[in-house]
Amino acid sequence: MTKIYRNLAGNALSKNKIIYVPYIISSMVMIAITFILTAIAKDEHLRQVEGGATLQVIMSVGIPIMYVISFFFLIGVSRFVIKQRKKELGVYCVLGMQKKHIIRVQFLENLYVFLLSAFSGTVVGFVIEKIVQLLFLKIYHLDADFSWDVQWEIMLLNAFVFACFFFVFFVFNAIGILISNILDYMKEEAKGEKQPKSKWILAIAGLLLLGAGYALSFTSKTGIEAIQLFGVAVGLVILGTYALFTAGSITLLNTMKKNKKFYYKTGHFISISGMLYRMKRNAANLATISIFATMVLVTMSSVTTLYTTIADTAKQWYASDFEIVHLKAESEEERKNREDDVLEAAEKTGVTVEQIYTYRYIDGFATVKDGIISTAPFYRSVDISSVMIMTEDVFDYVHGTKLNLAEDEIGVIYSGPFPEETVRFQPMTNNYELSDKVSSDFRVRKIDEDPGVNSGGAVMVSDGAYIFIVSDYSVYGSLEPYINEEMWKMDENHEYILVNTSSSRKAQLAMYDELLVNQDKYEFDWVNCKVDRIDEILGVYGGLFFLGAFLSVAFLTITILNMYFSQLQQGYEDAKRFAIMRKVGLTRKEIKKSINSQIVVVFLLPLLVAVIHTAASYPMVNNILNMLGGCEQRAFLLIVTACCLVFAVVYTIAYLFTRRTYLKMVSGAYDGK
Amino acid sequence: MSMLVVKNVKKVYTTRFGGNKVTALQNVNLTVERGEFVAIMGESGSGKTTLLNIIATLDKPTEGEIELDGQSMQSMKEKHLAKFRRDRLGFVFQEFNLLDNFSVRDNIYLPLVLAGCSPAEMETRIRPIAEKLGITELLEKFPYEISGGQKQRVAVARAIITEPEMVLADEPTGALDSRSTDELLQQFSNINKDGQTILMVTHSIKAASTAGRVLFIKDGIVYHQIYRGDETNSEFYRKISDSLTALMGSGLRAANE
């Protein structure tokens with residue numbers, strides 16, 4: 001008896017290949033990705049690598065996200081699968097199977113799908129995880145051991161989670177079977193559907209929402225502003241896309257239909273009616289595909305850009321090999337002692353010091369308007385930019401320039417236009433009101449230095465930020481009353497020792513350890529080591545890159561499967577329609593043409609929309625990337641284009657497969673068989 | 001000259017792997033004159049739908065020839081066949097075959113649109129036909145909103161709007177209740193009286209009794225035919241029924257007579 005069930009379940013899988021193979025492949029991909037993320041997050045070797053721990057933290061953030069995505073995606077697929085097979089279940093019922101038998105067969109089918117995808121997913125995941133591990137080791141140019149350890153525990157745990165998922169799907173199916181009359185399944189035919197009505201208001205709303213989203217992107221000027229508004233823009237674009245796909249498409253088609261001269265032409269007649277029908281069913285689905293595709297493109301291109309440019313940018317962030325922060329020295333002598341402490345640590349670890357220098361600067365926020373610099377206690381709104389105030393010697397030291405500023409002169413570095421001839425300082429109170437203290441005027445000298453470079457610390461200077469440079473420390477000190485006290489307090493009390501060396505990476509790391517060990521003794525507040533920081537940054541961005549890549553693969557899988565299944569479903573219905581058309585006198589060629597034009601639209605539309613969305617997101621994402629670590633315009637543009645191309649290729653291949661399956665389904669009909 | 005001539009038509013189906021051969025039509029000969037209403041009767045599997053499909057150019061005969069209006073259809077290319085089909089033949093099917101994404105009006109327009117008719121001309125053509133078939137009220141509705149009988153009348157309208165030389169009907173009453181059947185047959189006989197040639201395949205005696213001539217087909221051969229003459233529907237009904245009882249049992253013997 002059990003054998004019969006096994007046979008039935010096995011047969012069901014092989015007979016419904018066109019549904020089950022994609023189902024199994026998609027769960028395989030999900031299982032592989034979750035396994036890879038977990039394995040990387042738990043890897044012992046990686047943990048010991050500099051930056052590896054950071055990467056693991058980032059990966060662990062991705063794990064729950066992936067599980068949630070997998071669950072909702074796969075439950076959708078499993079419901080689709082069961083829907084396609086309702087008729088078959090009805091036949092079983094007529095042939096005398098009881099509900100409990102059908103549920104039993106269902107259980108076995110779920111079990112088989114699970115076993116197949118869990119096995120293949122784990123194997124694929126294992127191989128890819130090892131490749132990723134190798135890549136990491138190469139990236140960090142480290143000598144940590146590579147191992148072929150098999151992470152049994154993680155494999156089993158991951159499989160167990162998915163086993164639970166599949167069990168939940170099975171329970172849902174079983175409940176569905178229990179509460180419905182299966183005999184009704186047999187009669188479940190495409191019932192007549194209402195012709196969709198034009199929805200002008202929603203269509204126009206969609207257009208406005210989309211326009212607003214795009215406008216936010218195109219008008220974004222600074223990174224801070226972009227980050228703040230990015231979520232809003234994404235929300236607007238998503239809503240706009242759904243509205244346009246559902247209401248806009250149908251309104252457009254209905255308008256075309258109203259024009260009799262246009263509508264009653266062979267090609268238009270069939271396509272417009274066909275598209276109306278398709279859009280009514282698939283509009284939401286197409287919108288989802290577009291949005292997922294956009295997510296893939298934006299994620300993929302930004303993480304790739306960040307990752308490829310970060311190493312260079314990071315090197316610029318840190319002008320010096322070491323930066324040591326300590327409380328402001330009371331005297332020159334004390335300052336000298338501090339520097340000697342650092343030199344001592346260098347000597348101990350065999351590091352040759354080329355340069356050592358102590359300096360001060362303020363780093364905070366302000367509104368800069370009409371020649372008035374109003375420093376603020378903290379960042380609060382988009383009106384407020386980040387500003388840095390430093391002395392000329394620091395700037396010259398870092399850039400190798402010789403500005404020779406006069407006492408009443410101020411150097412200004414700003415990416416935008418700065419038309420004012422003079423500026424003065426007038427601080428905000430801690431309640432963000434303008435205080436009445438006004439400094440004397442400074443003559444402005446615009447300096448065309450790359451603002452991406454800062455004076456030593458890990459302070460990021462993005463497009464919207466200002467750097468002000470005064471001639472020397474006496475002028476700098478005289479600014480105190482005209483700077484917001486919170487901001488002044490935060491930075492003024494500290495001094496920074498910059499150290500440049502000519503020693504190896506390894507020696508520098510040793511010196512870093514030495515400085516850290518003796519941090520308390522030397523009374524250093526903070527020690528920064530460039531090579532260490534860069535490793536850390538590479539860890540962060542490497543993690544973001546891989547996480548982005550895996551999420552992209554997941555989104556891509558979902559997108560493609562979505563497209564495949566929606567075409568499949570359409571195929572069942574279209575087959576009948578094409579058979580009728582042929583009987584009425586359409587040639588095979590005309591039918592084929594009509595099929596092609598319709599599926600090409602269904603396929604191209606999301607791709608096109610995704611590319612347009614991505615292009616529109618470009619200014620905003622560019623600003624954000626600039627702030628996060630700088631990105632070279634040209635590199636980013638190149639990577640976005642490359643991502644679009646790669647995506648288009650993968651999508652097209654998937655589409656060709658889909659198309660083949662679809663044509664197979666409907667060709668019987670128009671061949672008149 | 002006869003409107004339709006079917007000469008020595010044979011149709012053999014081969015199973016997918018070339019194993020078994022099934023002969024659907026052995027050797028069929030028949031002619032239909034202009035303005036005639038001919039019914040082909042036979043049981044399921046007798047080959048009557050195969051014959052209709054071949055006449056409709058939806059299927060090709062293995063041997064033999066078909067001429068419509070003196071034009072042989074064997075030599076025609078697929079492209080011309082499709083044009084031929086939509087210009088000169090009209091179809092009515094058992095399962096209506098209306099497109100659910102078109103309104104009733106657009107369903108009827110379909111063959112005209114394919115033929116490249118202007119909207120204005122389509123409008124003038126549809127009006128009298130819709131009136132005759134009593135579907136004027138339904139034109140803006142969609143197939144799912146109307147009954148089976150109404151759907152079949154829409155299908156008839158679609159079949160005759162191109163003013164075809166011949167209407168081919170495949171079990172047109174098969175999916176209808178008895179009242180709708182009566183109405184539809186009445187309409188068939190009306191349009192026949194207006195001069196429309198109709199060839200109908202059916203296994204319903206009632207449907208066949210509306211026709212002017214009935215052909216009986218069995219095992220791929222036309223082995224008998226009777227004419228109505230001046231008889232009324234009910235007299236003709238009895239005659240068909242008698243012929244069936246007499247002949248169905250005797251099988252091929254009758255064909256050899």
B:Asn97, B:Asp87, B:Leu98: which one forms the most heavy-atom pairs within less than 4.5 Å of chain A?
-> B:Asn97
Which is it for B:Asp106 and A:Tyr263 under the side chain to side chain contact (heavy atoms under 4.5 Å, CB included) test, yes or no, and what are the steps along the way?
-> CA-CA 10 Å; B:Asp106 286 351; A:Tyr263 175 54; 2.6 Å; yes
Do other residues, nucleotides or ligands put more than 12 heavy atoms under 6.0 Å from the CG atom of A:Leu604?
-> yes
Value rounded to 0.5 Å, distance of OH in A:Tyr264 from CD in B:Glu121 = 14.0 Å
Is the number of heavy atoms from other residues, nucleotides or ligands under 6.0 Å of A:Phe657 CZ greater than 12?
-> no
What heavy-atom pair brings A:Lys265 and B:Val113 nearest, and what distance separates the two atoms?
-> C-CG1, 3.7 Å
Mind checking whether A:Phe269 and B:Phe102 have ring centres under 6.0 Å apart?
-> yes
What part of A:Lys260 gets closer than 4.5 Å to chain B, counting heavy atoms only: side chain, backbone, both or neither?
-> both
Find the distance between CD1 (A:Ile580) and CG (B:Leu110) and round it off to the nearest 0.5 Å.
-> 9.5 Å
Neighbour count >12 (heavy atoms, 6.0 Å) for atom CD, B:Glu65 = yes
